[in-house]
*Asks:* 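Got a structure for you, questions after.
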Amino acid sequence: MVLWVLILLCLIAPPEVSAKAAFKSKEAMIKSADVIALVNILRVEEKKTPGKPFDYGQKAIADPIKVLKGSLPKNAVFLGDENFICAQVKFKPGRALVFLKKHPGYYTGNNWGLSVRAVTGERTAEKIDWFDGNNGFSARPQPQAEVLKDIDNILKSMTPSYIEPLTKAKRLTDATIGEGERSTLYPIFKRALADQSLKPETLTDLIKRSTPAGKIYLVMVLMRRDKNSADKILKELEKDSTTLEYQSGCEVFPTTTGKAAHALLTDGKFMDIAPLSK
């Protein structure tokens, strides 16, 4: 009820005010979020923190339970309670489904008050208030598993189905692995490199929800589409110390996501894969 009141206040506010607090649709919220995750909000404290365009009055610390898009560390810092009535995000201790925008050192809600949805119930009876399809904002408690499936389906629908295996890749490979065996991932990677229908924004969204190997595959595709955007992502990935493996033939080379990103930034290739060559 409180959320509906805030929405109505924003809708009847002067245009220059309401424009700042435009609520996103379900699809837009999912597509534009840097992080979508089930989290356990460990604690919430009232703490004023300056920011742009708003100041924040709430700081929450949370651990990820299940990440659906992007990545989220333990003890992640969420800032809420913006000093603007139409844009306030309120965090409470407990489990929640969150849609977040990433900032250096902290996260904020991606869709104002709709960004945080408490998980109620226990185990198989867990429910989340979720869009019921009656209108843009109408929601009702729905089984958690169904809500997560709905989000996953929307994420998958944003891209051609053939590319999905790259997002889940466990290691990078070249064309041949093992004793003359052909890699199943490498042809998909080559197809993606040549697929002109893949837009930079689509690839950026895919990178956020991919495995470490998937991030490297897809950022190499992005290098073909928009090198400036790819370079920005690679600079972020340079800081990632997550273990990564590269397989060529029978040999498996251990490395890290950061080292692979650094090689792509400095040399334009990683091992035997050169994404910018024709």
Side-chain angles (χ1 to χ4, degrees), residues 3-4 6-7 10 20-41 60 62 64-73 76 78-80 82 86-91 95-103 106-120 126-168 197-211 214-215 218-219 222 229 233 236:
L3 178 57
W4 271 104
L6 289 176
I7 292 171
C10 293
K20 294 180 181 178
F23 288 86
K24 299 175 183 177
S25 67
K26 176 174 70 172
E27 287 77 10
M29 178 174 71
I30 291 169
K31 182 176 180 179
S32 62
D34 293 324
V35 177
I36 302 174
L38 277 172
V39 300
N40 181 23
I41 299 176
I65 298 172
K66 180 180 178 65
V67 178
L68 287 78
K69 180 181 180 183
S71 60
L72 192 68
F78 299 165
L79 297 183
E82 294 85 344
C86 294
Q88 290 176 325
V89 177
K90 297 287 190 179
F91 295 106
R95 292 164 297 153
L97 175 65
V98 294
F99 299 81
L100 305 171
K101 182 177 180 180
K102 185 177 181 180
H103 304 268
Y106 66 92
Y107 301 81
T108 60
N110 178 56
N111 196 19
W112 316 128
L114 301 178
S115 303
V116 184
R117 297 160 183 271
V119 177
T120 59
E126 289 176 327
K127 292 190 175 183
I128 299 171
D129 266 5
W130 191 240
F131 301 91
D132 61 12
N134 291 333
N135 61 51
F137 303 116
S138 180
R140 61 177 174 80
Q142 298 178 50
Q144 176 178 293
E146 293 181 12
V147 173
L148 300 189
K149 183 177 180 181
D150 187 25
I151 294 170
D152 188 55
N153 287 339
I154 291 172
L155 289 171
K156 288 179 179 178
S157 71
M158 295 175 184
T159 58
S161 58
Y162 82 83
I163 207 170
E164 193 65 25
L166 287 185
T167 70
K168 301 175 182 177
S197 71
L198 290 173
K199 304 300 182 185
E201 56 269 25
T202 299
L203 290 165
T204 299
D205 283 336
L206 278 172
I207 290 166
K208 291 175 183 176
R209 66 179 180 90
S210 294
T211 61
K215 291 180 190 297
L218 292 166
V219 79
L222 183 58
S229 294
I233 294 173
E236 284 297 313

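Heavy atoms only: backbone and side chains are in, while hydrogens, waters and symmetry mates are out.
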*Asks:* Assign the ring pair Phe78 / Phe91 to parallel, tilted or perpendicular, where the plane angle (0 to 90°) is split at 30° and 60°.
*Replies:*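 Aromatic pair Phe78/Phe91 classed tilted.
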*Asks:* Run the numbers on Ile65 and Val39 for side-chain contact (heavy atoms from CB on, under 4.5 Å), then give the verdict.
*Replies:* CA-CA 5 Å; Ile65 298 172; Val39 300; 5.5 Å; no
*Asks:* Do Lys69 and Asp34 pass the salt bridge (Lys or Arg N to Asp or Glu O under 4.0 Å) test, and can you show the C-alpha distance, the side-chain angles, and the key distance before you say yes or no?
*Replies:* CA-CA 7 Å; Lys69 180 181 180 183; Asp34 293 324; over 6 Å; no
*Asks:* Is there side-chain contact between Leu68 and Ile30, with at least one heavy-atom pair below 4.5 Å?
*Replies:* no
*Asks:* Do Leu148 and Gln144 make a side-chain contact, defined as non-hydrogen atoms from C-beta onward lying under 4.5 Å apart?
*Replies:* yes
*Asks:* Is the shortest heavy-atom distance from the side chain of Phe99 to the side chain of Val89 under 4.5 Å?
*Replies:*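 No. Closest side-chain heavy atoms not under 4.5 Å.
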*Asks:* Please find the pair of heavy atoms, one from Trp130 and one from Gln142, that lie closest to each other, and give the distance.
*Replies:*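 Trp130 and Gln142 have their closest heavy atoms at O-NE2, 2.9 Å.
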*Asks:* What are the two closest heavy atoms between Gly214 and Ser210, and how far apart are they?
*Replies:* C-CB, 3.8 Å
*Asks:* Are Arg140 and Asp129 ion-paired here, with the side-chain N under 4.0 Å from a carboxylate O?
*Replies:* no
*Asks:* Counting only N and O atoms by type, is there a donor-acceptor contact under 3.5 Å from the side chain of Thr204 to the main-chain atoms of Pro200?
*Replies:*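 Yes; at least one donor-acceptor contact below 3.5 Å.
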*Asks:* For Leu166 and Leu206: C-alpha separation, side-chain torsions, deciding distance, then whether side-chain contact (heavy atoms from CB on, under 4.5 Å) applies.
*Replies:* CA-CA 9 Å; Leu166 287 185; Leu206 278 172; over 6 Å; no
*Asks:* Hey, mind stepping through Leu97 and Ile36 against side-chain contact (heavy atoms from CB on, under 4.5 Å) and telling me if it holds?
*Replies:* CA-CA 7 Å; Leu97 175 65; Ile36 302 174; 4.3 Å; yes
*Asks:* Can you tell me how far CG of Asn111 sits from NZ of Lys24, rounded to the nearest 0.5 angstrom?
*Replies:*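 So the NZ of Lys24 and the CG of Asn111 are separated by 6.0 Å.
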*Asks:* Specify the closest pair of heavy atoms between Pro64 and Leu72, including all atoms of both residues, with the distance to one decimal.
*Replies:*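 Looking at all heavy atoms of both residues, the shortest contact is CG-O, 3.4 Å.
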*Asks:* Measure the shortest side-chain to side-chain distance between Pro143 and Glu126 over non-hydrogen atoms and say whether it is less than 4.5 angstrom.
*Replies:*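 No. Closest side-chain heavy atoms not under 4.5 Å.
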*Asks:* Looking only at non-hydrogen atoms, find the nearest pair between Tyr107 and Pro73 and report the distance.
*Replies:*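 Answer, listing the atom of Tyr107 first, then Pro73: OH-CD, 3.4 Å.
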*Asks:* I need the minimum non-hydrogen distance between Val35 and Ser71, along with the two atoms involved.
*Replies:* CG2-O, 3.4 Å
*Asks:* Do Ser161 and Glu164 have a side chain donor and acceptor closer than 3.5 Å?
*Replies:* no
*Asks:* Taking the side chain as every heavy atom from C-beta outward, state whether Phe131 and Glu27 have any atom pair closer than 4.5 Å.
*Replies:* no
*Asks:* Testing the 3.5 Å rule here: is there a donor-acceptor pair between the side chains of Asn110 and Ser115?
*Replies:* no
*Asks:* Roughly how far, to the nearest 0.5 Å, is the CG atom of Asp132 from the NZ atom of Lys26?
*Replies:*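 Between atom NZ of Lys26 and atom CG of Asp132 there are 9.5 Å.
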*Asks:* Is there a side-chain contact between Thr108 and Tyr106 in this structure, where contact means two heavy atoms from C-beta onward sitting under 4.5 Å apart?
*Replies:* yes
*Asks:* List the atom of Lys215, the atom of Lys208, and the distance in Å for their closest heavy-atom pair.
*Replies:* NZ-O, 3.6 Å
*Asks:* Taking the side chain as every heavy atom from C-beta outward, state whether Ile207 and Asp205 have any pair of such atoms under 4.5 Å apart.
*Replies:*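 No, side chains not in contact.
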*Asks:* With a 4.5 Å heavy-atom cut-off, do Ile128 and Leu38 have their side chains touching?
*Replies:* yes
*Asks:* If you measure from CD1 on Ile154 to NZ on Lys31, what distance do you get to the nearest 0.5 Å?
*Replies:*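 Answer rounded to 0.5 Å: 12.0 Å.
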